[in-house]
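Structure record follows, encoded as structure tokens.
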Protein chains: 2
Amino acid sequence: MPVSAAPPRKRRKEARPSELTAAALELFVEKGFAATRLEDIAVRAGVSKGTLYLYFDSKEALFKAVIQEGLVPALAEAESLAAGHAGSAFELLQALIEGWWRLVGETRYSGIPKLMIAESRNFPEVAQFYYENVVQRGRALFAAALQRGMDSGEFRRRDVATCIDVIIAPVLMLIVWRHSLAHCLLVQQEPRTYLAMHLDLLRQGLLGDATGSP
Amino acid sequence: MPVSAAPPRKRRKEARPSELTAAALELFVEKGFAATRLEDIAVRAGVSKGTLYLYFDSKEALFKAVIQEGLVPALAEAESLAAGHAGSAFELLQALIEGWWRLVGETRYSGIPKLMIAESRNFPEVAQFYYENVVQRGRALFAAALQRGMDSGEFRRRDVATCIDVIIAPVLMLIVWRHSLAHCLLVQQEPRTYLAMHLDLLRQGLLGDATGSP
DNA sequence: TACGTTAATGACTCACTGGTCATTAACGTA
DNA sequence: TACGTTAATGACCAGTGAGTCATTAACGTA
């Protein structure tokens with residue numbers, strides 16, 4: 001009887017890839033691409049390093065898979081959410097921010113923006129993909145809401161593209177913050193309070209005279 | 001006569017450290033800590049790797065020096081700028097954001113927030129330093145402006161701590177964006193336009209009834 | 001000019017990790 | 001139960017890069 005027997009192997013071809021990308025996401029977000037060891041990813045996924053190479057050609061291929069799977073589903077859901085919305089433009093904006101928090105902020109995928117910020121310049125192709133398939137689609141979602149509000153006179157007229165980025169920044173910063181400095185500080189700000197404040201300021205900032213003075 | 005003579009050495013004990021931290025800052029911001037080679041830093045600073053070790057004990061020590069020198073002087077300048085300001089609270093806010101852009105956004109130090117976002121969790125001690133000596137001091141600057149505006153009735157009453165973070169987020173995001181995704185896209189947004197939009201939305205969001213309805 | 005001090009160098013070491021592959025064993029099937 | 005397929009393993013290899021140190025040469029001084 002061996003003192004410490006190796007745990008019995010399991011053959012789970014179907015489940016491995018997603019378990020590996022899940023483990024990789026966590027570690028890439030925490031440490032960054034270069035500082036993450038494949039060995040650690042494998043261990044976290046409950047396999048050996050060799051197994052990882054059955055499913056991914058290289059460390060970089062694994063990284064690409066993590067980004068490609070990451071936010072695209074959440075975005076699709078957000079798009080259908082927006083399509084089925086019936087309230088005012090501001091309520092839609094509110095729903096989008098709320099949805100962003102529920103679909104991304106509270107999930108493990110909230111780490112992806114931090115990861116892309118850190119690694120964009122090391123992986124321009126991945127950055128390109130992320131820009132086209134996440135950033136632009138996310139912007140379009142907010143842009144539609146803004147445009148609708150301006151056309152109906154609910155919002156003041158402003159440059160939509162610029163306006164979007166200003167509106168999204170606090171929402172993005174919130175999750176980036178929680179995955180970076182906040183992790184070392186135990187000074188957890190309450191996310192809902194923060195988002196409510198953002199919407200409160202926004203309500204006054206967007207609503208108004210409707211004259212569209214530039 | 002040697003075909004390719006090594007360039008003559010120069011003895012410049014005083015200048016080396018700052019040249020090394022400058023080179024290190026650029027490369028750490030671009031690639032991250034782990035993916036940056038000390039050899040590359042040395043070459044960019046015009047010295048050999050051995051020389052680097054005359055001035056810094058280790059790669060991590062160099063990193064700490066980069067962060068510690070980085071934003072502290074700019075912050076001191078911003079503090080004196082705020083102390084000498086005489087206009088309305090909103091004008092002070094405007095001046096702070098303008099100053100932030102001039103003193104940080106347009107300099108090489110604008111990369112530091114991106115760097116800290118990427119590396120905080122790998123260097124909790126450095127994160128702690130950064131939080132206490134940069135984040136908190138920066139917040140205090142904005143907090144004073146906000147508090148003044150609320151006390152005088154210029155701004156609506158809101159929770160100052162939360163409000164600050166919402167206000168700072170777009171300003172921070174602007175420079176983070178420029179050091180990450182924007183670098184791969186050539187889709188350069190005009191920073192001044194963006195900041196003007198932020199202030200425009202803010203003016204409406206902060207100013208108002210002064211009744212302080214929560 | 002000759003000499004001593006020390007800034008600067010770059011070849012070297014060694015630990016580490018991405019990637020490989022021969023071997024092992026889990027599981028379905030006959 | 002016996003056997004074949006293939007998922008899984010982990011020892012191994014090779015390239016890389018942080019950190020060292022004996023040697024070199026710049027510069028101030030006598």
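In what follows, chains carry the letters A, B, and so on, assigned in the order in which the sequence lines appear, proteins first and then strands, with residues in each chain numbered from 1. Being a predicted model, the structure only gives us computed values, none of them experimental.
Using cut-offs of 30° and 60° for the angle between ring planes, the B/F123 and B/F33 rings count as perpendicular.
Base pairing analysis places D/dC12 opposite C/dG19; the two distances defining the Watson-Crick or G-U wobble pair are each below 3.5 Å. Partner assigned to D/dT29 is C/dA2, using Watson-Crick or G-U wobble distances below 3.5 angstrom. In a base pair of the Watson-Crick type (N1 to N3 plus N6-O4 or O6-N4) or a G-U wobble (N1-O2 and O6-N3), with each distance short of 3.5 Å, C/dA7 is matched with D/dT24.
In this structure, B/L52 places its CG atom 13 Å from C1' of D/dG17, rounding to the nearest Å. Regarding B/L62, its CG atom lies at a distance of 10 Å from the P atom of D/dG19, rounded to whole Å. Atom CD of B/E14 is separated from atom P of C/dT6 by 14 Å (rounded to the nearest Å). Taking atom NZ of B/K59 as the reference point, atom P of C/dC16 lies 15 Å away to the nearest angstrom. Between B/E39 atom CD and D/dG15 atom C1' the separation is 16 Å, expressed in whole Å. In this structure, B/L54 places its CG atom 13 Å from C1' of D/dG19, rounding to the nearest Å. In this structure, the CG atom of B/D57 is 13 Å from the C1' atom of D/dA18, given to the nearest Å.
The 5' end of DNA chain C is approached more closely, in terms of each residue's nearest nucleotide, by B/R16 than by the other of A/R11 and B/R16. Nearest-nucleotide positions on DNA chain D for B/R9 and B/E60 put B/E60 closer to the 5' end. Comparing A/K13 and B/A34 by the nucleotide of DNA chain D that holds the closest heavy atom to each, the one mapping nearer the 5' end is A/K13.
Across D/dA7, D/dA18, C/dG19, the shortest atom-to-atom separation from the side chain of B/L38 is found for D/dA18. Checking C/dA25, C/dT9, C/dG18 against every side-chain atom of A/Y53, the shortest atom distance belongs to C/dG18.
No side-chain N or O of A/H183 forms a donor-acceptor pair with one of B/S120 less than 3.5 Å apart.
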Step by step, would you call B/I97 with B/F142 a side chain to side chain contact (heavy atoms under 4.5 Å, CB included)?
CA-CA 9 Å; B/I97 289 177; B/F142 280 81; 4.0 Å; yes

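Contact detail for A/P170 and A/H198: the closest heavy-atom pair is CG-CE1, 3.4 Å.
In the interface, the side chain of B/R37 is not paired with the base of D/dT16 through any donor and acceptor atom under 3.5 Å apart. A donor N or O paired with an acceptor N or O is found under 3.5 Å between the base of C/dG18 and the side-chain atoms of A/K49.
The side chain of B/Y55 contributes an N or O atom lying less than 4.0 Å from OP1 or OP2 of C/dA8. The phosphate of D/dT9 has OP1 or OP2 within less than 4.0 Å of a side-chain N or O from A/S48.
Between A/V166 and the options B/L201, B/L195, B/D200, B/L174, a side-chain contact (heavy atoms from CB on, under 4.5 Å) holds for only B/L201.
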